[in-house]
Undergrad: 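After the structure tokens below, expect a handful of questions from me.
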Amino acid sequence: MSPSVPSTDAYANEPVRYPALTVVDIVREAAAVTAAYRNQVLSRVNASCLRLSVISDQYPWHRHPHSDELFLVVEGELEIELADDGRLLRLGPWQSVVVPAGVVHRTRGVGRTVNLCFEDLAADTDFVERGAEPRA
């Protein structure tokens, strides 16, 4: 079962939940998520944002053509599969990795996984079929 995937417009237009100079309790925010998948923008930093993602299953193949994406796992285990070379990156708590702009990938939470993601605010997302990946 795949998580409920937002449209590319919904992903790009997710509102920023907290303005600057607001203390955000990320533990509380993560604990409040009961869905198998939720990705929300917590804060804006210049032209980038901090997203909180809770995922318990697999997210579809996609790429962000103009934005690098930094993943930082807080809880659980996150797998990131790369389409170009088939590598599988496994991240545990307090491990991170950057997926460069244009790289086709998919993520999967091994059980309930909470991660923080740093990327361009309103980053474009292209969903792709495996084997039909556009080249960056």
Side-chain angles (χ1 to χ4, degrees):
M1 169 192 255
S2 292
S4 176
V5 178
S7 70
T8 56
D9 284 341
Y11 185 87
N13 294 308
E14 175 79 26
V16 177
R17 295 213 37 207
Y18 297 99
L21 300 176
T22 302
V23 175
V24 179
D25 186 336
I26 293 172
V27 172
R28 188 187 79 227
E29 290 293 327
V33 176
T34 58
Y37 174 77
R38 178 70 173 110
N39 189 317
Q40 58 190 316
V41 176
L42 295 180
S43 303
R44 178 182 181 148
V45 182
N46 299 318
S48 299
C49 68
L50 169 64
R51 287 181 172 270
L52 171 69
S53 178
V54 177
I55 185 169
S56 299
D57 207 341
Q58 188 164 277
Y59 195 76
W61 290 103
H62 67 285
R63 70 181 185 131
H64 304 287
H66 309 292
S67 179
D68 292 347
E69 187 173 20
L70 184 149
F71 294 91
L72 172 65
V73 174
V74 176
E75 171 188 319
E77 182 179 344
L78 183 69
E79 294 181 341
I80 304 172
E81 188 175 357
L82 307 177
D84 281 349
D85 61 11
R87 275 192 295 164
L88 182 66
L89 308 173
R90 289 187 177 92
L91 298 139
W94 303 112
Q95 292 182 318
S96 69
V97 70
V98 174
V99 175
V103 172
V104 176
H105 62 286
R106 68 178 171 185
T107 56
R108 183 170 80 87
V110 179
R112 185 178 193 273
T113 301
V114 177
N115 72 88
L116 299 175
C117 186
F118 301 87
E119 65 184 2
D120 287 350
L121 185 65
D124 291 332
T125 302
D126 296 336
F127 292 103
V128 299
E129 293 294 323
R130 183 71 162 102
E133 296 86 10
R135 296 289 175 190

Undergrad: Taking Leu70 as the starting point, is it possible to reach Leu42 by hopping between hydrophobic residues whose side chains are less than 4.5 Å apart?
TA: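 Result: yes, single cluster for both.
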
Undergrad: Apply side-chain contact (heavy atoms from CB on, under 4.5 Å) to Val54 and list each qualifying residue two or more places apart in sequence or on a separate chain.
TA: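 So Val54 forms a side-chain contact (heavy atoms from CB on, under 4.5 Å) with Val33, Arg112, Val114.
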
Undergrad: Report the distance from atom CD of Glu29 to atom CZ of Arg17, rounding to the nearest 0.5 Å.
TA: 4.5 Å

Undergrad: If the condition is side chain to side chain donor-acceptor pair (under 3.5 Å), which residues does Asp85 pass it with, not counting sequence neighbours?
TA: Arg87

Undergrad: Are Val74 and Val24 co-members of a hydrophobic cluster defined by side-chain heavy atoms under 4.5 Å apart?
TA: yes

Undergrad: Roughly how far apart are Gln40 CD and Tyr18 OH, rounded to 0.5 Å?
TA: 7.5 Å

Undergrad: More than 12 foreign heavy atoms under 6.0 Å from CG of Asp25: is that the case here?
TA: yes

Undergrad: For the hydrophobic clusters of this structure (ILVMFWY residues joined by side-chain heavy atoms under 4.5 Å, transitively), does one cluster hold both Ile80 and Leu72?
TA: no

Undergrad: For Asp120, give me all partners under side-chain contact (heavy atoms from CB on, under 4.5 Å), at least two apart in sequence or on another chain.
TA: Ser48, Ser67, Ala123

Undergrad: One thing to verify: whether Arg51 and Glu14 come together as a salt bridge, which I'm taking to mean a side-chain N less than 4.0 angstrom from a carboxylate O.
TA: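 Salt bridge: no.
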
Undergrad: Find out whether Thr107 and Phe71 are in side-chain contact, i.e. whether some heavy atom of one side chain is under 4.5 Å from a heavy atom of the other.
TA: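 In short, these two side chains touch, coming nearer than 4.5 Å.
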
Undergrad: Roughly how far, to the nearest 0.5 Å, is the CD atom of Glu119 from the CG atom of Leu50?
TA: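 If we round to the nearest 0.5 Å, Leu50:CG and Glu119:CD are 10.0 Å apart.
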
Undergrad: Between Pro65 and Asp126, is any pair of side-chain heavy atoms under 4.5 Å apart?
TA: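 Sidechains of Asp126 and Pro65: in contact.
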
Undergrad: Measure the spacing between CG of Asn115 and CD of Glu77 and express it to the nearest 0.5 Å.
TA: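 It is 12.5 Å, given to the nearest 0.5 Å.
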
Undergrad: Nearest 0.5 Å, please: how far is OG in Ser43 from CG in Leu21?
TA: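 It is 10.5 Å, given to the nearest 0.5 Å.
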
Undergrad: Donor-acceptor pairs are to be reported for all side-chain atoms of residues 90-101 against protein atoms at under 3.5 Å, with residues two or more places apart or in another chain.
TA:
from  : atom 1 : to    : atom 2 : distance (Å)
Arg90 : NE     : Glu79 : OE2    : 3.2
Gln95 : OE1    : Gly92 : N      : 2.7

Undergrad: Can you check whether Leu52 reaches Leu116 side chain to side chain, under 4.5 Å on heavy atoms?
TA: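 Yes. Closest side-chain heavy atoms under 4.5 Å.
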
Undergrad: May I have the step-by-step check of side chain to side chain contact (heavy atoms under 4.5 Å, CB included) for His64 and His105, ending in yes or no?
TA: CA-CA 9 Å; His64 304 287; His105 62 286; 4.0 Å; yes

Undergrad: Can you name the side-chain contact (heavy atoms from CB on, under 4.5 Å) partners of Thr113, sequence neighbours left out?
TA: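 Ile55, Val73, Leu78.
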
Undergrad: Under the rule for side-chain contact (heavy atoms from CB on, under 4.5 Å), what residues qualify as partners of Arg106, not counting sequence neighbours?
TA: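 Partners of Arg106 by the side-chain contact (heavy atoms from CB on, under 4.5 Å) criterion, ordered by chain and then number, come out as Gln58, Trp61, Glu81.
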
Undergrad: Mark yes or no for whether Arg44, through its side chain, and Asn46, through its backbone, hold a donor-acceptor pair below 3.5 Å.
TA: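 Here the side-chain-to-backbone pair exists.
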
Undergrad: Please confirm whether the ring centroid of His62 lies under 6.0 Å from the ring centroid of Tyr11.
TA: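 Ring centres of Tyr11 and His62 not closer than 6.0 Å.
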
